[in-house]
2 protein chains.
Amino acid sequence: MSGVRAQQKQKTRQALIEAAFNQLSAEHSFSNISLREVAREAGIAPTSFYRHFKDMNELGLTMVDEAGLTLRQLMRQARRRIASGGSVINTSVQTFMEFIDTSSNQFRLLLRERSGTSKAFRAAVAREIKHFTLELAHYLETETPCDKNHAYMQAEAMVILVFNAGADALDQDSQQLAELTERLVWQLRYIARGSAHYGGH
Amino acid sequence: MSGVRAQQKQKTRQALIEAAFNQLSAEHSFSNISLREVAREAGIAPTSFYRHFKDMNELGLTMVDEAGLTLRQLMRQARRRIASGGSVINTSVQTFMEFIDTSSNQFRLLLRERSGTSKAFRAAVAREIKHFTLELAHYLETETPCDKNHAYMQAEAMVILVFNAGADALDQDSQQLAELTERLVWQLRYIARGSAHYGGH
DNA sequence: AATCTCAGCGTACACTTGTACGCTAAAATA
DNA sequence: TATTTTAGCGTACAAGTGTACGCTGAGATT
């Protein structure tokens with residue numbers, strides 16, 4: 001049982017996932033890439049697709065998981081930077097913007113399927129974002145004087161703003177991006193301030 | 001020149017637009033409704049579609065305009081309610097939630113095409129949202145002690161939060177919706193507070 | 001060594017899609 | 001009244017889709 005077989009299967013499976021991610025772009029969303037195109041790019045026959053996924057839906061959900069994983073890894077990295085003496089807001093925003101720049105297709109998937117046509121997709125993305133939010137809420141709760149409930153609402157608002165700014169960032173040049181980022185930072189400060197006012201200890 | 005001809009044309013044009021809106025739903029977005037389906041529902045032959053729109057893109061942009069119009073009318077209505085003595089935040093949120101309930105397909109269009117695959121669509125939606133934001137910013141600037149720049153950033157953040165809450169509202173029952181709305185109101189208060197702190201006069 | 005498993009292939013089929021082309025009848029215009 | 005314009009239709013076609021079905025050959029199992 002050397003697993004040559006299983007190993008190869010895993011390999012083409014990953015090839016399918018990567019092929020699908022590669023076909024995402026500003027003008028191509030998951031719902032308009034076809035099984036055949038994905039199979040073609042992965043270098044297998046269309047019908048072989050079914051050896052790996054029940055249908056495109058199942059592939060998509062797997063991709064959402066993968067994107068969520070990337071996002072959480074990113075967050076851990078941001079926390080490390082913060083622990084070693086960075087500003088919380090600036091570091092987080094900068095880290096997120098790097099995510100959008102380097103993993104734009106993963107971000108695009110989350111962004112679009114968040115309001116897409118499949119309830120399962122929407123739920124999956126919502127779950128990933130909730131993880132993200134809960135971790136931030138936990139951080140806020142322990143690191144700032146802040147009521148638990150308010151910490152969550154604060155985190156939720158912040159995540160929404162950051163996500164939306166990320167979406168806008170995809171369409172803008174670096175000049176606009178700088179302004180956008182600055183506005184975002186201010187808006188996050190508003191929330192931190194406001195939350196401290198209502199929910200501070 | 002009674003215009004019987006032009007009148008009828010306008011009528012089927014509107015029928016096409018409505019047919020398209022009717023086909024939008026939780027599981028059907030604009031990008032996956034077809035010219036033929038729209039024509040079928042509007043009661044004309046597929047090829048007759050071209051007498052009214054160059055392609056589906058043109059139809060879609062028209063729909064975005066229409067949805068934007070609905071949104072602005074709604075806002076005017078909210079301002080009236082506020083002027084006659086309602087709380088700003090509560091009234092606005094309530095009005096918006098009614099929009100989502102009664103014109104959910106218009107909202108869905110804006111929501112999805114905001115991050116869709118057509119740059120023209122994204123720009124069109126962004127324009128509508130910017131109108132919305134600018135009017136709110138203007139209101140904040142005149143009605144509250146608030147720096148112009150901060151008024152805009154505040155308005156922008158608020159609109160984003162309201163929009164996102166609306167998106168979530170589409171998938172939830174009335175129980176969850178009540179909680180969601182309450183959280184949203186708090187978050188808007190954060191922003192108002194925070195903005196007042198940094199940008200108040 | 002004999003048997004089984006199964007990833008990948010090719011063929012085939014029934015659909016749906018956008019749209020080119022030419023016709024018709026009714027409204028508009030002259 | 002004679003002529004022009006045009007909204008809507010039917011036919012036709014090429015392209016692309018998902019997927020059912022049966023085969024093959026190489027790894028895995030016994």
Nearest whole angstrom, please: distance from the [atom2] of [N] to the [atom1] of [X].
{"X": "B:Phe53", "N": "C:dT19", "atom1": "CZ", "atom2": "C1'", "value": "17 Å"}
{"X": "B:Gln10", "N": "D:dA7", "atom1": "CD", "atom2": "C1'", "value": "14 Å"}
{"X": "A:Phe49", "N": "D:dG18", "atom1": "CZ", "atom2": "P", "value": "9 Å"}
{"X": "B:Gln7", "N": "C:dA26", "atom1": "CD", "atom2": "P", "value": "18 Å"}
{"X": "B:Met56", "N": "C:dT16", "atom1": "CE", "atom2": "P", "value": "17 Å"}
{"X": "B:Leu16", "N": "D:dG8", "atom1": "CG", "atom2": "C1'", "value": "12 Å"}

Okay, side chain of B:Ser195, backbone of B:Ala192: is any donor-acceptor separation there less than 3.5 Å?
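No, B:Ser195 side chain to B:Ala192 backbone: no donor-acceptor pair under 3.5 Å.
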If you assign B:Tyr50 and B:Ala6 each to the DNA chain C nucleotide with the nearest heavy atom, which residue ends up on the more 5' nucleotide?
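Of the two residues, B:Tyr50 wins.
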Using 30° and 60° as the class boundaries, would you call the ring planes of A:Phe107 and A:Phe96 parallel, tilted or perpendicular?
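Plane angle over 60°, so perpendicular.
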Kindly say whether the aromatic ring centers of A:Phe163 and A:Phe132 come within a distance under 6.0 Å.
no
Just checking A:Tyr190 against B:His150, ring centres under 6.0 Å apart?
yes
Contacts to DNA chain D from residues 25-41 of chain A, heavy-atom cutoff under 4.0 Å, which residues?
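Residues of residues 25-41 of chain A under 4.0 Å from DNA chain D: A:Ser34, A:Leu35, A:Arg36, A:Glu37, A:Arg40.
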According to side chain to side chain contact (heavy atoms under 4.5 Å, CB included), who are the partners of A:Arg81, at least two apart in sequence or on a separate chain?
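Only A:Gln77, A:Thr91, A:Gln94, A:Thr95, A:Glu98 meet the side chain to side chain contact (heavy atoms under 4.5 Å, CB included) criterion with A:Arg81.
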Mind checking what makes side chain to side chain contact (heavy atoms under 4.5 Å, CB included) contact with B:Ala169, not counting sequence neighbours?
B:Met97, B:Leu177, B:Leu180
A:His52: which residues meet the ring-ring contact (aromatic ring centres under 6.0 Å, His included) condition with it, sequence neighbours left out?
none
Using a 4.0 Å heavy-atom cut-off to protein, can you give one letter per nucleotide of nucleotides 4-10 of chain C, 5' to 3': B if the base is in contact, S if only the sugar-phosphate is, - if neither?
-BBBBBB
Please list all pairs passing the salt bridge (charged side-chain N to carboxylate O under 4.0 Å, His left out) test where one or both residues lie in residues 172-190 of chain B, with sequence neighbours left out.
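Residue pairs passing salt bridge (charged side-chain N to carboxylate O under 4.0 Å, His left out), neighbours aside: A:Glu156-B:Arg183.
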